[in-house]
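What follows is a set of notes on a single structure, which appears directly below.
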Amino acid sequence: MEVAEKSVSELQELLVHKDLSSTELTKAYIERIQTVDPKLKAYLTVLEDQALAQATEADRKIAQGEVLGSLEGIPMALKDNMCTEGVRTSCASKMLENFIPPYNATVTDRLRAAGTILLGKLNMDEFAMGSSTENSYFTKTRNPWDLECVPGGSSGGSAVAVAADETAFALGSDTGGSIRQPAAFCGVVGMKPTYGAVSRFGLIAFASSLDQIGPLTKTVRDNTLVMNAIAGYDPMDSTSVPYEKPDYTKFLVNNIKGLKIGIPREYYGEGIDPDVAKGIQAGIQTLIDLGAEVAECSLPHTEYAIPAYYLIATAEASSNLARYDGVRYGYRAEAEDVLGMFKKTRAEGFGQEVKRRIMLGTYALSSGYYDAYYLKAQKVRTLIKQDFDKAFERFDVLLSPTAPTAAFKFGEKSANPLAMYLSDITTVPINLAGIPAISIPAGFVGGMPIGMQLMGKAFAEGTLYRVAYTFEQNTNYHTLKPSLSEEVLLGW
Amino acid sequence: MAISREDVEYVAALARLELTEQETLEYTEQLNSILDYAVMLERLDTDKVMPTAHAVPLYNVMREDQVRPSINHEKALKNAPDGEDGFFRVPRISLT
Amino acid sequence: MVVADKYEMVCGLEVHAELQTKTKIFCGCTTEFGGEQNTHVCPICLGMPGALPVLNREVVNYAIMAGLALDCEIAEFSKFDRKNYFYPDLSKNYQTSQFDLPICGKGGLEIEVDGEKKWIGITRAHMEEDAGKLVHSGETISTSNESSVDYNRAGVPLLEIVSEPDLSSIPEVIAYLEQLVQILDYAEVSDCRLEQGSVRFDVNVSLRLRGETTLGTRTETKNLNSFSSVRRCMEYEVARQARVLDAGERVVQETRTWDEGRGITLTLRSKEEAHDYRYFPEPDLAPLVIDREWVEKIRQTLPELPVARRARLQALGLSAYDAALITQAKAMADFFDQALSVYGDAKTLANWVMGDVTRLLNTHQCSVADSPISAKQLAELLALLDKGTISGKIAKSVLEEMYSTGKDASVIVKEKGLAQISDEGALLGIIDDVIAANPQSVEDYRAGKDRAIGFLVGQIMKATKGQANPGLVNQLLKEKLS
Ligand SMILES: [Mg+2]
Ligand SMILES: [Zn+2]
């Protein structure tokens, strides 16, 4: 087995016992990137020199027996909407094509403090708006399981880099499913933590009240290790919650006897591919066999989540993206007066989907419509939250498919925005409620991975990890790798 | 059609987006289909429902009034499309 | 003027006062005035992608303090909202402000215009962030081909105080503004440096025919920064609207800007543009729950306000006029109180403070704050005067000496030997000499010409370089001559 294929926990063993140096490991990933990424296009920026320098430093610390970070010497990559001082952070937008942040996001600092090596920045839908990464200004990222399929989105680059062994782990951001859906499409583990569990400081905002950063990893254990490094209160983010951060690895117990799992009926409505439903059904059976108590339940307001989500998310986005005007940073189109400069800059700097959402959000907030749209959506948000609160009185965890289908082909949905929005039905209610949810590999449909989504109470990430770990230990989906042989790579 | 072409032009002006004829037509149609779908929200009686702005409610999040270092000129203007002698420059501001 | 007979003015004001915090409202950058352009900035106040705001606690404390000083209700629940509009000095192209739940509710203050007292209502006061500064290449914004932006001021905390449309004349407007600024000064929430733009005024004015009850269409003129520009701007705007109405046309509801150079107002933003701010709750900030203990704690620290201060001085025997004069600026009032704590005679003190001390400071263009004569030093001087150690005439010269040297009165009196001669023995000798030298005057006095004694006293004072105790001289002289 190649080192690049190993999990973070395996790599930690090798590193601390000096059976492998961080430099060797980093080189292995860079070689892997050079081999597969010309085809997969997961990376927007690769930081070979900086990464090797950081690796040398890690090796020195290990050699001299210094106090090591919790992830010392482990290479990783960040979605390109997380600020990295001195390293271009583009949000996959023409608008920020040359933007070099003067500061680090809190997660960037925390991962650095943990001793990780930054390999590079990963592709995404422009400003995290999309479910296929097709909205990137720069390039399409391909799904390693089928190069004709999308990797999902908006954290498509993050999911692909992990699935194709181009990094040990990656961070993504999730506003309406952007970590979980690509994780499902690419067969990796993706966690969307509770809103407020991971700092948003330095995360380029899409929708402030919904955005949340989380890890994409090869195993559940790796996921807990990364959460240990990035989660916890941050005074720089007013929405960061001062909660007692547990050691998430403590929840890695292979036992769910007596755990109560609810199956929300509304998540299996029309639009769900029957084969996906079947696959998840099999997964549920596995959990029952392992001693879980499973029963059906209802989240009655689920269908209202899509319109509520798109009104809230676009309204907030229309305001968050107003700052891109060509004055302080980013793209500028020349014009003889400021008004013209603003209009041209934004018309040329933003892509179609971003402009469409700015238009929708601006309309939803414009005079006369606020109550009918934004306020109404926020009230519906309350109802959706109450649905979950009720369900969690009976159940420890709720379970559903992460996405209605497996990965689809390029262009299949991009023609019809509404159709694309509707495919988020299984993920957006979670962001509206602010609760945590994880997607884990749960089988294959037509050779493409599918994901099982586990939802929990606010700050009950631990319970999700326990169920996910138990499922993982009793299945082998996570051990399967896409074949990226010469032929496959040259076949294009 | 809930949204007219005029609405779209008005919104584009508010959002400082110069739209092509093509885009104006497209957005008019797409915003209508999306908002037609959103009409379903009206079915819900929410008169007695409080809005949720934050999923995890927090109050009185404040910092102390202590000076933290600012960033230097060079850093502040590094990304400026048109920065000169420490200023961000913009073309004429016409009073409409 | 004609306008006044035909039309009646209705005016409401929005006052933006910078709060006296060390740091900006949402970031740790200093609020210090001046400083090289774009050096008091950071990713947060520059609106950099990914940066997030964190509220400065002191801003809320000052806002509550101001609210209490202006008799406002303090909200129990308050939140921030985004006011969305594009302008180059606004780093995020939205201003973080407060919309439907401001921190301060209804309040008001009393003004007096030629003896007439009038209560001016305050609708609300809310916290918000200041914008950056635009520097124009040309004379004015409209004549410039390009402008430069300095974001040092972006994010400085502001309290926006909105009045009711209760003001119906320009003198009332000025009186209201003077009162308001004075209160903010006394409450120590703003440094009130108008010349540095730390308090700025937006004027909403409309006209209606006298006797009309419905309001006319108003215009809002933004960002005036002195009382005089407010006066000039209003005179212009009232006349302009009157012309429009006289011509049978309608006033356009719009936001205008004051061109100080040309002394005219110009259209800035037209109505529909101006009024679709798409306010919505700021998702990056948590709301405020202000319990009453918090408010009471601040009430305890509220300094004495102008009205109370004036009342106290009048109770000490000062005239309303004197009390008003001394309390006009807080610095002067504080100087007076410090002196008073040592020297009990309020009236004498007031005369000196308003008279010689003020004159001295004015001639040297020195503010009370950095007067080289401390309040305590002044008190000592007056005490020496009362004790008869020095005469009033000498006291004035000692005061000047104190100003230039900073020395204590007693030191100067000793060094220059300015103490009065009250030693009878010493004086009798001099008196005898003077009597001997001026037989004619003695004759006249004895013949009943009382004036003559004044001449003799003068001669004695001359002989003692003004240091003889005049009272004693008179007494001794009369005894001698009788
Ligand atoms: Mg304001
Ligand atoms: Zn700052």
Side-chain angles (χ1 to χ4, degrees), chain B residues 3-19 31 35 38 41 46 49-96, chain C residues 21-23 27-30 36-43 45-46 48 54-61 77 79 84-88 93 132 134-137 141-142 144-152 257 266-270 272-273 276 278 280-283 285-290:
Chain B
I3 307 182
S4 69
R5 182 199 170 94
E6 289 63 39
D7 295 331
V8 168
E9 284 165 345
Y10 170 68
V11 169
L14 275 181
R16 299 291 189 268
L17 286 170
E18 188 175 78
L19 299 186
L31 293 198
L35 290 167
L41 294 180
T46 53
V49 182
M50 288 296 290
T52 294
H54 285 106
V56 181
L58 294 171
Y59 299 102
N60 300 355
V61 180
M62 293 173 279
R63 60 174 178 89
E64 298 314 309
D65 185 22
Q66 280 154 5
V67 178
R68 300 173 92 257
S70 296
I71 59 175
N72 63 40
H73 246 104
E74 190 226 349
K75 271 188 169 184
L77 282 112
K78 193 177 198 309
N79 289 282
D82 182 3
E84 211 174 78
D85 40 45
F87 283 105
F88 297 88
R89 298 203 307 173
V90 296
R92 193 176 75 252
I93 301 165
S94 25
L95 304 174
T96 53
Chain C
T21 53
K22 288 196 218 63
T23 66
C27 66
C29 291
T30 176
E36 204 185 335
Q37 64 274 18
N38 294 303
T39 53
H40 299 167
V41 294
C42 72
C45 54
L46 282 175
M48 285 269 177
V54 182
L55 178 60
N56 179 345
R57 180 189 305 278
E58 203 62 8
V59 172
V60 183
N61 290 335
F77 183 86
K79 68 173 171 68
N84 295 282
Y85 67 96
F86 284 79
Y87 210 65
N93 283 319
L134 286 168
V135 183
H136 307 298
S137 61
I141 187 167
S142 43
S144 302
N145 284 329
E146 65 181 21
S147 302
S148 300
V149 199
D150 170 10
Y151 292 102
N152 281 356
T257 178
L266 299 158
T267 301
L268 187 63
R269 261 175 274 126
S270 65
E272 60 283 350
E273 264 286 324
D276 203 340
R278 289 156 289 137
F280 74 102
E282 169 57 272
L285 292 168
L288 292 165
V289 173
I290 302 160

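The model shown is predicted, which means the values in this text are computed figures rather than measured ones. The sequence lines fix the lettering, A, B, ..., with proteins before strands; numbering per chain opens at 1.
For C/F77, the part lying under 4.5 angstrom from a heavy atom of chain B is the side chain only. Using a 4.5 Å cut-off between heavy atoms, C/Y151 touches chain B through its side chain atoms alone.
Along residues 73-81 of chain B, the residues that come nearer than 4.5 angstrom to chain C, judged on non-hydrogen atoms, are B/H73, B/A76, B/L77 in order of number.
For residues 53-64 of chain B, the set of pairs meeting the side chain to side chain donor-acceptor pair (under 3.5 Å) definition, not counting sequence neighbours, comprises B/R63-C/T23, B/E64-C/R57.
A 4.5 Å side-chain heavy-atom check between C/V59 and B/M62 finds every atom pair outside the cut-off.
Among all heavy-atom pairs drawn from B/F87 and C/D150, the shortest one is CE2-CB, 3.8 Å.
Partners of B/E18 by side-chain hydrogen bond (donor to acceptor under 3.5 Å, both in side chains), not counting sequence neighbours: none found. Remark: C/E36 pairs with no residue by the salt bridge (charged side-chain N to carboxylate O under 4.0 Å, His left out) rule, at least two apart or across chains.
In terms of non-hydrogen atom pairs under 4.5 Å with chain B, the most contact-rich of C/E282, C/E58, C/Q37 is C/Q37. Note: C/S147 leads C/P283, C/C29, C/S147 in heavy-atom pairs under 4.5 Å with chain B. Considering only heavy-atom pairs separated by less than 4.5 Å from chain B, the leading option among C/T21, C/V135, C/V41 is C/V41. If you tally non-hydrogen atom pairs under 4.5 Å between each of C/T39, C/N61, C/T30 and chain B, the highest count goes to C/T39. When the candidates B/N72, B/L58, B/V90 are compared by the number of heavy-atom contacts under 4.5 Å with chain C, B/V90 comes out ahead. Ranked by non-hydrogen atom pairs under 4.5 Å with chain B, the options C/C45, C/C42, C/P287 are led by C/P287.
No donor-acceptor pair closer than 3.5 Å links the side chain of B/E84 to the backbone N or O of C/S148. Between the side chain of C/N38 and the backbone N or O of B/G86, at least one donor-acceptor pair lies under 3.5 Å.
Atom-to-atom distance recorded for B/F88:CZ and C/L134:CG is 12.5 Å, nearest 0.5 angstrom. Between atom CG of residue C/L46 and atom CD1 of residue B/I71 there is a gap of 5.5 Å, rounded to the nearest 0.5 Å.
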